[in-house]
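We use all heavy atoms of the structure for the numbers below, so side chains are in, but hydrogens, waters and symmetry mates are not. Letters A, B, ... are given to chains in the order of the sequence lines, protein chains preceding strands, and every chain is numbered from 1. Computed from a prediction, not measured in an experiment: that's the story for all the values here.
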There are 2 protein chains.
Amino acid sequence: MNEVRMPRNLPLLLLQAREAVISHFRPLLNHAGVTEQQWRILRALCELGELEPRQLCDICQILSPSLTGVLARMEETGLVARRKVDSDQRRLLVSPTAKGRALVKRMAPLVQQQYRLLEETLGADLMRDLYAVLDRLVAARDTPVARVPLPAGRQAGRRKEPSGD
Amino acid sequence: MNEVRMPRNLPLLLLQAREAVISHFRPLLNHAGVTEQQWRILRALCELGELEPRQLCDICQILSPSLTGVLARMEETGLVARRKVDSDQRRLLVSPTAKGRALVKRMAPLVQQQYRLLEETLGADLMRDLYAVLDRLVAARDTPVARVPLPAGRQAGRRKEPSGD
DNA sequence: AGTAAATCACTAACATGTTAGTGTGTCAAG
DNA sequence: CTTGACACACTAACATGTTAGTGATTTACT
């Protein structure tokens with residue numbers, strides 16, 4: 001009895017929604033031999049030109065440590081090229097190679113057609129509403145939100161015991 | 001010139017939207033010593049009772065190989081218990097332990113309050129529209145969608161060369 | 001100039017995502 | 001009764017997500 005009342009799980013709902021969409025594109029990407037992340041990066045580079053890693057992190061929603069590995073693999077397979085910036089030795093610039101651009105050019109029509117097929121099934125109105133609502137949500141990304149105070153109490157088994165430090 | 005025309009990246013937009021939401025809850029989960037996946041599983045078990053792994057996969061959007069490891073770790077830390085089903089030796093049943101239920105009971109009010117704070121910022125109308133659109137999308141999850149034909153042509157460097165087999 | 005703070009890509013360690021394949025158990029057709 | 005198709009949890013191998021921390025710069029301030 002006395003079930004714990006919980007709000008709906010919005011992150012899970014967004015995850016399910018994403019899976020409902022990406023599942024129709026995964027076969028295409030697999031067939032082209034690129035991962036979802038590699039495809040996001042390649043798209044961004046072809047649309048926006050040479051970018052820095054931190055920009056790719058922002059745009060492609062990939063954390064810096066992940067990006068390091070992804071870019072290394074993409075350089076291995078010849079999809080992108082990295083070069084250092086003279087004016088700032090910390091920074092790096094990533095650009096798509098001819099091979100990478102060719103892949104995007106080859107895939108673009110297929111992706112576009114799959115979008116059309118998806119819209120045929122879901123309905124143009126749902127697609128429109130979807131973009132509209134998500135744009136509103138993402139636009140509010142930078143708006144500060146208050147945080148609930150964290151209780152200082154005991155926790156379940158954590159990865160690292162902070163011990164006394 | 002002649003830029004390749006591409007539709008908007010809907011999976012990326014959904015990923016950004018999810019991050020915009022989950023970022024406000026991650027500190028809570030970290031503080032409680034559970035991962036997002038563990039929290040999803042624990043919530044599902046506390047709301048729906050004893051479940052089989054494949055049900056958890058469906059509900060929590062976790063693939064079977066991932067779930068195996070997550071459940072093993074949760075059993076280690078005493079959050080869930082696994083038992084075999086007599087009638088079918090293949091199957092398994094997962095249930096929350098007292099410790100797991102206590103964690104959910106402790107976290108629930110904090111999560112709920114954070115949702116209220118988030119809604120205060122985003123606006124109740126956006127939240128309502130968000131749920132409505134996502135529900136429509138997820139509901140159409142099972143509707144079959146036509147697939148673009150995959151060209152038999154060459155691919156970029158793939159993980160495993162199928163060679164001659 | 002010189003020092004402290006900030007920035008950037010990166011490494012390390014662990015957890016999860018993704019695909020392919022395995023071993024066991026169940027069930028139905030023959 | 002047996003054979004074959006199927007379902008289930010699992011393993012293996014690799015790629016990515018997540019957090020903490022590092023070393024090399026660059027910047028702001030003195």
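- Rounded to an integer number of Å, the gap from CZ of Arg26(B) to C1' of dT16(C) is 13 Å.
- A heavy atom lying under 4.0 Å from DNA chain D marks the following residues of residues 54-71 of chain A, by number: Ile62(A), Leu63(A), Pro65(A), Ser66(A), Val70(A).
- Considering only the side chain of Glu52(A), dA9(C) comes nearest among dA9(C), dA9(D), dG17(C).
- For Glu19(B) and Arg26(B), the salt-bridge test passes: some basic side-chain N is under 4.0 Å from an acidic carboxylate O.
- Phosphate contact (OP1/OP2 of dT18(C), side-chain N/O of Thr35(A), threshold under 4.0 Å): absent.
- At a threshold of 4.5 Å between non-hydrogen side-chain atoms, the residues Asp135(A) and Leu13(B) count as touching.
- At whole-Å resolution of the value, CD1 in Ile22(B) and P in dT16(C) are 13 Å apart.
- Between Asp86(A) atom CG and dC8(C) atom C1' there is a gap of 16 Å when expressed in whole angstrom units.
- Surrounding CZ of Arg8(A) are more than 12 heavy atoms belonging to other residues, nucleotides or ligands, all under 6.0 Å away.
- No side-chain donor-acceptor contact under 3.5 Å links Arg18(A) to the backbone of Leu14(B).
- Between dA15(D) and Gln38(A), no contact under 4.0 Å exists linking OP1 or OP2 to a side-chain N or O.
- The CG-P distance, from Leu92(B) to dG23(C), rounds to 20 Å in whole Å.
- Under the 4.5 Å side-chain heavy-atom criterion for Ile, Leu, Val, Met, Phe, Trp and Tyr, Leu63(A) and Trp39(A) are members of distinct hydrophobic clusters.
- Put simply, CH2 on Trp39(B) is 19 Å from C1' on dT18(D), counting in whole angstrom units.
- The local environment of CZ in Arg116(A) is crowded, with over 12 non-hydrogen atoms from other residues, nucleotides or ligands closer than 6.0 Å.
- Rounded to whole angstrom, the span from the CE atom of Met74(A) across to the P atom of dC14(D) amounts to 20 Å.
- Proximity note for Pro53(B) (side chain, C-beta onward) versus dG17(D), dA9(D), dG17(C): the nearest is dA9(D).
- Using a 4.0 Å cut-off, some side-chain N or O of Asn30(B) falls inside it from OP1 or OP2 of dT19(D).
- Atom CD of Gln37(A) is separated from atom P of dG17(C) by 12 Å (rounded to the nearest Å).
- Side-chain atoms of His31(A) come within 3.5 Å of backbone N or O of Pro151(B) as a donor-acceptor pair.
- A donor N or O paired with an acceptor N or O is not found under 3.5 Å between the base of dA24(D) and the side-chain atoms of Arg90(A).
- Distances shorter than 4.0 Å separate none of the side-chain N or O atoms of Arg91(A) from OP1 or OP2 on dT26(D).
- Look at CD on Glu76(A): it is 13 Å from P on dT16(D), rounded to the nearest Å.
- Checked against dT26(D), dG25(C), dC10(D), the side chain of Gln89(A) finds its nearest nucleotide in dT26(D).
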